[in-house]
Amino acid sequence: MSAILAINRAGPLTTVQDDGRFGMLSHGVSASGPMDLAAFAWAGAAAGGGRGGIEITMAGVELTLTSGDCHIGWAGGDFAIAINGKRKDWPGSARLKAGYSLAITPGRWGNYGYLRFDRDIAVPEVMGSIATSTRARLGGLSGRALQVGDLIELTGGAGSPQLAPPPPEPATGPIRIIWGLHADLFAPAQRQHFLDAAFVVSRQLDRMGARLDDKAGVFADTTILSLASDAIVPGDIQILGDGTPIVLLRDHQPTGGYPRIGTIITADLDRFAQLRPGTAVAFEPVTVEHAHQLLRSRRT
Amino acid sequence: MSDSANRAAIALASSLHRHPLPGVAEVVPNLVSVLLRYDPLTSSPSAISGELRLRLFGLDSAAVTGTAWTVPVIFDGPDLDEVAALLGVTVRALITAHNAAPLRVLATGFAPGFVYCGLHPSELVVPRRTTVRPPVPAGSVLFAAGQTAITATEMPTGWHILGRTKFANFDPTAMPPTRMLAGDTIRFEVAG
């Protein structure tokens, strides 16, 4: 039994995502996938575990279930959701019937929210995944963001929604990093300055990366280093030729030639992705072993 | 970046593809390094590094051989005259020198299907352009820093454009989606 969603309004970066397109880096395609993995997973469990979901940005979304019915779950950041005009708790889950409409608008914090279903989003798999890559223009609906008028078919057997405890409020404090591939190219004093300074998330952020404002001038005097291009991973903090730090995110290009001073650890990457423009951010180094411990304790 | 470092990276990746290490999910050769991706919930660098050291110890960089490709190029790029002038040769001599020796695919993957080929001899080395050009089409043949690159998707570039080829190295509906691999050899020729 299938159901059809009609998009009535969508922000410019509203995309279909699944867990990601892994194993394609040597073909020039990074994994993509949700900017906030934990929220995506929570919404999926609450909905009933259908494949894929819709990633919503601060611009919000409005849609109608034009036929069929389905169970939905939502989570990620703090947004407001209304079904047929009636406000529901965020995060949460509900059953939608044909003709129901739904509107999501931004709340107090966060850049990304997720809407998931008990059925699979029926779009063609590209290289093993339906995740939209905004950079490579692959996956989702022809590799693009959702637009007004799009119809999304939900297919497959309905899964069972799980009653999960509400996700914890996001941690505060410094974003933890491990020192990066090129950290040794920066002088010890500059590395210390990097840890002491507060950067600010700039308005230039998207699924590929988030530029930081370097108010303290940590990298103001950085001379352009000539490096052989090397592999990039999500969370890498790259220093551009003009000294601008940029944190590379899910739709990063697979390689880059700018020096990387550090890499945000996986356990803190969801939290970083949810920081709105204008938010101050400080970094704190941890060891790889500590980063792994933090990840394991979060997942259990 | 050196020829021997690149050969070693390709040889290590090739060895890890032929005989996978437990716990390693993805192996990606780059210009002078190899990315190993692992799941930190089930593996760790310390679990992988011992085996990896043994592999590095027994590495034979000379043993890597790949597919031999011939890529026809229409040499009509907007930067031909400028590059020839930088090198102090005629455009005809530049094209002849460019195609004279087969190149190796040094790495792939900056963008879908993008390949770096090299290394040209030192007399063919020019720096990148000082400005980045707006998106150039798939199949553009780029030239800078002793390398020739081929684009497989539209992209902005700071490299010089020598020409274009119909060779398409990216098809998202195929598996694998790209045809050229690091370690393959490429002979460029003037399209007839």
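Quick note on labels: first sequence line is chain A, next is B, and so on, each numbered from 1. For the numbers below, each heavy atom of this structure counts, side chains included, while hydrogens, waters and symmetry mates do not.
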So OG1 of A/T266 and CG of B/D39: to nearest 0.5 Å the spacing works out to 9.5 Å

May I ask you to name which of B/A5, B/G109, B/S33 has the most heavy-atom pairs under 4.5 Å with chain A? B/G109

What do you reckon, is CZ of A/R191 surrounded by more than 12 foreign heavy atoms closer than 6.0 Å? yes

Any donor-acceptor N/O pair, A/R296 side chain to B/T42 backbone, under 3.5 Å: no

Using a 3.5 Å distance criterion without hydrogens, assess whether the side chain of B/E26 forms a donor-acceptor pair with backbone atoms of A/M24. yes

Check each atom of B/S2 against the heavy atoms of chain A and say whether the ones under 4.5 Å are side chain, backbone, both or neither. neither

For B/R92, does the CZ atom have more than 12 heavy-atom neighbours from other residues, nucleotides or ligands under 6.0 Å away? no

May I ask you to test the A/H27-B/P176 pair for a side-chain heavy-atom distance under 4.5 Å? yes

Using a cut-off of under 4.5 Å on heavy-atom pairs, state which of B/P177, B/P29, B/A182 scores highest against chain A. B/P177

Side-chain touch B/L35/A/D230, heavy atoms, less than 4.5 angstrom: no

In this structure, are over 12 heavy atoms from other groups packed under 6.0 Å from A/R144 atom CZ? yes

Determine whether the aromatic ring centres of B/Y38 and A/H292 lie less than 6.0 Å apart. yes

Atom group of B/F110 that falls short of 4.5 Å from chain A, counting heavy atoms: both

What I'd like to find out is whether the side chain of B/N30 reaches to under 4.5 Å of the side chain of A/S229, using heavy atoms alone. no

Has A/S26 got a side-chain atom pairing as donor or acceptor with B/V28's backbone, closer than 3.5 angstrom? no

Tell me, for B/T153 versus chain A, whether the close heavy atoms (under 4.5 Å) come from the side chain, the backbone, both or neither. neither

A/L25 versus chain B, the contacting section by heavy-atom distance below 4.5 Å: both

I want to check something: taking the side chain as every heavy atom from C-beta on, are A/V29 and B/F170 in contact at a cut-off of under 4.5 Å? yes

Residues two or more places apart in sequence or in another chain: which of them pass side chain to side chain donor-acceptor pair (under 3.5 Å) with B/R18? B/S14

